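Down below is the structure, laid out as structure tokens.
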Amino acid sequence: MHVVRAFFPHFHERRAGTIINVAAVGSRVTFPLYSRYHGTKWAVKSFSESLQFELHPFNSRVKIVEPGPIKTGFCDRSMESMQKAGETAPGPGKVAEVIFRAATDGSLR
């Protein structure tokens, strides 16, 4: 929220801008013992969805990237099922590609 507050004056002045927030598939699907994780991902998603309506009059977009399992240290620190998913998951570079595409495609999606 602090980042949005800091950037909004520039978006307002330029009458354009794009914010890309990273949530996770964990904002849609939940597992036991991950309530704090899922809660924060849901908060990012909800904040982003609401913010898109507020920034639309200023020709600014808000996009959400919701990756599934990604091979990072998170999977190593998680339950066994998450560790198995992380073993075959793509690396963080895949998420970076999606973020780049979201930043440059000119769409609202």
Side-chain angles (χ1 to χ4, degrees):
M1 287 190 223
H2 293 293
V3 172
V4 171
R5 193 174 293 132
F7 273 87
F8 180 72
H10 304 288
F11 288 7
H12 187 271
E13 182 181 309
R14 292 181 56 220
R15 305 284 298 163
T18 302
I19 294 172
I20 301 171
N21 287 326
V22 180
V25 75
S27 68
R28 297 172 183 256
V29 179
T30 60
F31 304 101
L33 306 176
Y34 285 88
S35 56
R36 213 172 337 166
Y37 173 79
H38 294 301
T40 59
K41 297 307 177 181
W42 181 257
V44 169
K45 178 184 169 99
S46 299
F47 172 69
S48 301
E49 288 180 357
S50 181
L51 188 62
Q52 71 182 341
F53 294 108
E54 297 171 22
L55 295 185
H56 183 74
F58 302 98
N59 196 35
S60 296
R61 299 175 299 218
V62 179
K63 297 183 176 191
I64 309 165
V65 174
E66 298 176 291
I70 299 295
K71 188 176 244 170
T72 65
F74 178 81
C75 293
D76 295 338
R77 297 184 306 272
S78 300
M79 296 182 335
E80 188 176 317
S81 62
M82 289 295 288
Q83 289 174 348
K84 288 179 183 174
E87 290 173 4
T88 59
K94 185 66 175 171
V95 178
E97 290 172 16
V98 173
I99 292 170
F100 179 78
R101 210 169 36 246
T104 59
D105 69 3
S107 76
L108 294 176
R109 184 169 175 247

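Nothing here was measured: the structure is a model prediction, and the numbers come from that model.
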Please find the pair of heavy atoms, one from [X] and one from [Y], that lie closest to each other, and give the distance.
X	Y	answer
I64	E49	CD1-CG, 3.7 Å
V95	P67	CG2-CB, 3.8 Å
P69	P90	O-CD, 3.8 Å
F100	T104	O-OG1, 2.9 Å
S60	A16	OG-C, 3.5 Å

Fill in: Of all pairs that satisfy side chain to side chain donor-acceptor pair (under 3.5 Å), the ones with a partner from residues 17-26, not counting sequence neighbours
T18-R61, N21-S48

Discussion item. Running the 4.5 Å side-chain criterion over Ile, Leu, Val, Met, Phe, Trp and Tyr, what cluster does V62 land in, apart from itself?
Written reply: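 Besides V62, the hydrophobic cluster comprises M1, V3, V4, F7, F8, F11, I19, F47, L51, L55, F58, listed by chain and residue number.
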
Discussion item. Just to verify, what does S107 make a side-chain contact (heavy atoms from CB on, under 4.5 Å) with, not counting sequence neighbours?
Written reply: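 Residues passing side-chain contact (heavy atoms from CB on, under 4.5 Å) with S107: K63, D105, R109.
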
Drop me the distance from [X]'s [atom1] to [Y]'s [atom2], to the nearest 0.5 angstrom.
X	Y	atom1	atom2	answer
H10	R14	NE2	CZ	10.0 Å
L108	H56	CG	NE2	7.0 Å
S27	Y37	OG	OH	8.5 Å

Discussion item. Are the side chains of R28 and K45 in contact, using a 4.5 Å heavy-atom criterion?
Written reply: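 Yes, at least one pair of side-chain atoms sits under 4.5 Å.
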
Item to complete: Measure the shortest side-chain to side-chain distance between T40 and V44 over non-hydrogen atoms and say whether it is less than 4.5 angstrom.
Response: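 Of all side-chain heavy-atom pairs linking V44 with T40, none is under 4.5 Å.
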
